[in-house]
2 protein chains.
Amino acid sequence: MASDRRSARDARSSVWLSDRPAPAAGKEQPHGLRLDKIVDATVRLLDSEGLAKVSMRRLAAELGVTAMSVYWYVDTKDDLLEMALDQVHEEIGLPDEAADWRAALRELACEHRGMLVRHPWVSPLAGEFLNVGPRALAFADRAQRAIRGSGLPDGSWMGALALVFQFTYGFGTVEGRWRERCRTSGVSEDAFYGEVMGRLARRPEYAESLATVRARGERTVAAMRERDFEFALDCVIAGITAMREAV
Amino acid sequence: MASDRRSARDARSSVWLSDRPAPAAGKEQPHGLRLDKIVDATVRLLDSEGLAKVSMRRLAAELGVTAMSVYWYVDTKDDLLEMALDQVHEEIGLPDEAADWRAALRELACEHRGMLVRHPWVSPLAGEFLNVGPRALAFADRAQRAIRGSGLPDGSWMGALALVFQFTYGFGTVEGRWRERCRTSGVSEDAFYGEVMGRLARRPEYAESLATVRARGERTVAAMRERDFEFALDCVIAGITAMREAV
DNA sequence: ACCTGAACACCGTTCAAGT
DNA sequence: ACCTGAACACCGTTCAAGT
């Protein structure tokens with residue numbers, strides 16, 4: 001519980017790997033504070049204000065309490081962010097255990113991307129921390145059961161998973177950041193895309209490059225994105241299928 | 001030039017998309033300051049101290065100048081970081097134009113990963129900014145020429161590139177962060193890996209999951225990483241090859 | 001044209017004190 | 001056991017002033 005806290009957060013550790021029991025809910029306190037309420041408030045604040053704007057003081061204000069009260073429940077801001085990071089992994093829907101490996105991988109990839117896009121602050125945190133909380137591990141676990149059914153030799157399992165989920169991580173990161181940028185500046189995605197393309201087109205050296213980008217032939221940013229994501233997923237599945245015999 | 005600066009950095013823009021000419025070197029000033037020297041110093045500081053530790057005051061100290069001097073050459077810290085971000089893209093070696101598409105994509109993927117690992121601060125910045133500086137575009141441009149030779153229908157080009165380079169982005173991000181963590185805490189990668197695995201093994205619910213991770217059968221973290229990366233690349237190439245007829 | 005110093009409105013966190 | 005207030009050592013940036 002909160003009373004015996006880890007002394008300091010050393011550079012290589014994680015809340016989830018401490019020797020203490022995992023951060024638990026506990027019972028309601030006089031001021032209505034409780035670890036899980038604090039984490040929920042953190043997630044809400046991250047969603048509405050973005051990672052850069054979230055501070056311990058701002059969060060405390062949201063909870064109707066002083067900044068230092070939060071430190072009774074949490075050792076450092078990083079620990080709190082790590083808990084918020086794991087928290088949103090609960091949103092990732094896990095495919096039915098009976099699903100075949102292709103369907104399962106596809107569903108997990110879509111769910112992963114969706115979570116990253118709904119919470120653009122997740123990407124930097126997932127890159128910074130180990131991301132070994134219980135919900136993140138349940139997701140990783142399901143992915144591993146999926147790849148075990150692919151027919152790949154077991155030495156290739158982790159490589160294949162890295163391909164799928166590092167791809168969704170990168171794709172979701174860029175997509176989420178792009179959409180957030182448009183949202184906060186009140187510009188439609190298509191208008192912003194047109195603006196960026198127009199400015200790049202003024203540099204003659206990138207003419208050929210822009211032609212490649214435009215070759216998708218879709219009219220909206222959203223349509224191009226779906227096309228790219230779908231094709232990439234098809235490509236991965238086809239690649240795994242082909243590699244089953246290749247090794 | 002520095003004298004007529006952009007007024008303020010609006011949420012959706014980038015130094016590279018401003019109406020003004022691209023940030024240029026200019027000539028040496030009395031105090032030895034110059035934009036390119038400032039950017040170089042920023043890169044060095046980011047490499048040695050990490051993104052979190054780099055501040056305008058710290059950078060200025062490194063340059064033997066007060067914090068506010070830097071603001072003569074740069075509008076905001078974000079603009080400066082964007083220039084540092086583009087700067088390191090110069091390290092990415094571009095394959096010979098005669099190389100076939102497979103060799104070219106492989107080389108670009110390896111170079112991209114290498115850059116990300118050498119500069120772990122690049123990942124968060126590449127996620128945050130548009131990354132449309134001249135060096136980043138030259139890299140993107142070469143990748144587009146490579147995929148054009150793959151035989152894929154042109155509507156799939158961007159999807160295939162997204163797959164390759166979002167994967168290398170995610171892979172390089174995790175690898176770089178992991179190595180930095182080990183470096184700053186003075187633990188070997190293998191010792192740290194053993195520690196994390198040991199702690200996860202105490203949770204019985206992840207037994208099957210850990211078995212999957214261990215199936216790679218390599219003895220060092222470095223060897224596992226190379227195996228995963230190689231397999232993922234093979235898989236992408238095989239996938240693209242297979243998709244040429246599929247569409 | 002270039003650089004400085006003081007100031008403003010913030011941070012995360014420590015520590016002693018309150019109830 | 002839980003919460004507060006003051007303080008410390010920082011931030012990015014503005015602004016008026018120096019040379």
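Source: prediction; values computed, not measured. Chain identifiers are assigned alphabetically (A, B, ...) following the order of the sequence lines, protein sequences preceding nucleic acid strands; residue numbering begins at 1 within each chain. Values reported hereafter were calculated over all heavy atoms of this structure, with side chains retained and with hydrogens, waters and symmetry mates removed.
Expressed to the nearest 0.5 Å, how far CG of B:L210 lies from CG of A:D141 amounts to 9.0 Å. Here CG of A:L80 is found 13.0 Å from OH of A:Y73. Values are rounded to the nearest 0.5 Å.
Residue pairs meeting the salt bridge (charged side-chain N to carboxylate O under 4.0 Å, His left out) criterion with at least one member in residues 55-74 of chain B, sequence neighbours excluded: B:E49-B:R58, B:R58-B:E62. Under the salt bridge (charged side-chain N to carboxylate O under 4.0 Å, His left out) criterion, the residue pairs touching residues 182-194 of chain A are A:E189-A:R225, with sequence neighbours excluded. Listed by first and then second residue, the salt bridge (charged side-chain N to carboxylate O under 4.0 Å, His left out) pairs that reach into residues 118-132 of chain A are A:E91-A:R118, sequence neighbours excluded.
Residue B:S69 places its side chain closer to C:dC3 than to any other of D:dC3, C:dC3, D:dT4.
The backbone N or O of A:F171 lies less than 3.5 Å from no partner atom in the side chain of B:Y169, so there is not a single donor-acceptor pair.
In terms of the side-chain contact (heavy atoms from CB on, under 4.5 Å) criterion, residue partners of B:T168 (sequence neighbours excluded) are, by chain and number, B:A109, B:H112, B:F165, B:F229.
Nucleotide D:dT4 holds its P atom 11 Å from the CG atom of A:L63, rounded to whole Å.
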*Reading DNA chain D 5' to 3', how would its secondary structure be written in dot-bracket notation, given Watson-Crick and G-U pairs with both distances under 3.5 Å, brackets [ ] for crossing pairs and | for partners on other strands?*
||.|||||...|||||.||
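B:W72 has a side-chain polar atom (N or O) that falls below the 4.0 Å cut-off from OP1 or OP2 of C:dC2.
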Look for any protein N or O under 3.5 Å of an N or O in nucleotides 10-13 of chain C and output each such pair with its distance, or none.
unit_1: C:dC11; atom_1: OP1; unit_2: A:S55; atom_2: OG; d: 3.2
unit_1: C:dC11; atom_1: N4; unit_2: A:R57; atom_2: NH2; d: 3.4
unit_1: C:dG12; atom_1: OP1; unit_2: A:K77; atom_2: NZ; d: 2.7
unit_1: C:dG12; atom_1: OP2; unit_2: A:M56; atom_2: N; d: 3.0
unit_1: C:dG12; atom_1: N7; unit_2: A:R57; atom_2: NH2; d: 2.5
unit_1: C:dG12; atom_1: O6; unit_2: A:R57; atom_2: NH2; d: 2.6
unit_1: C:dT13; atom_1: OP2; unit_2: A:Y71; atom_2: OH; d: 2.6
unit_1: C:dT13; atom_1: OP2; unit_2: A:K77; atom_2: N; d: 2.9

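Two residues are said to be in side-chain contact when any heavy atoms from C-beta on lie closer than 4.5 Å; A:V15 and A:F129 fail this criterion.
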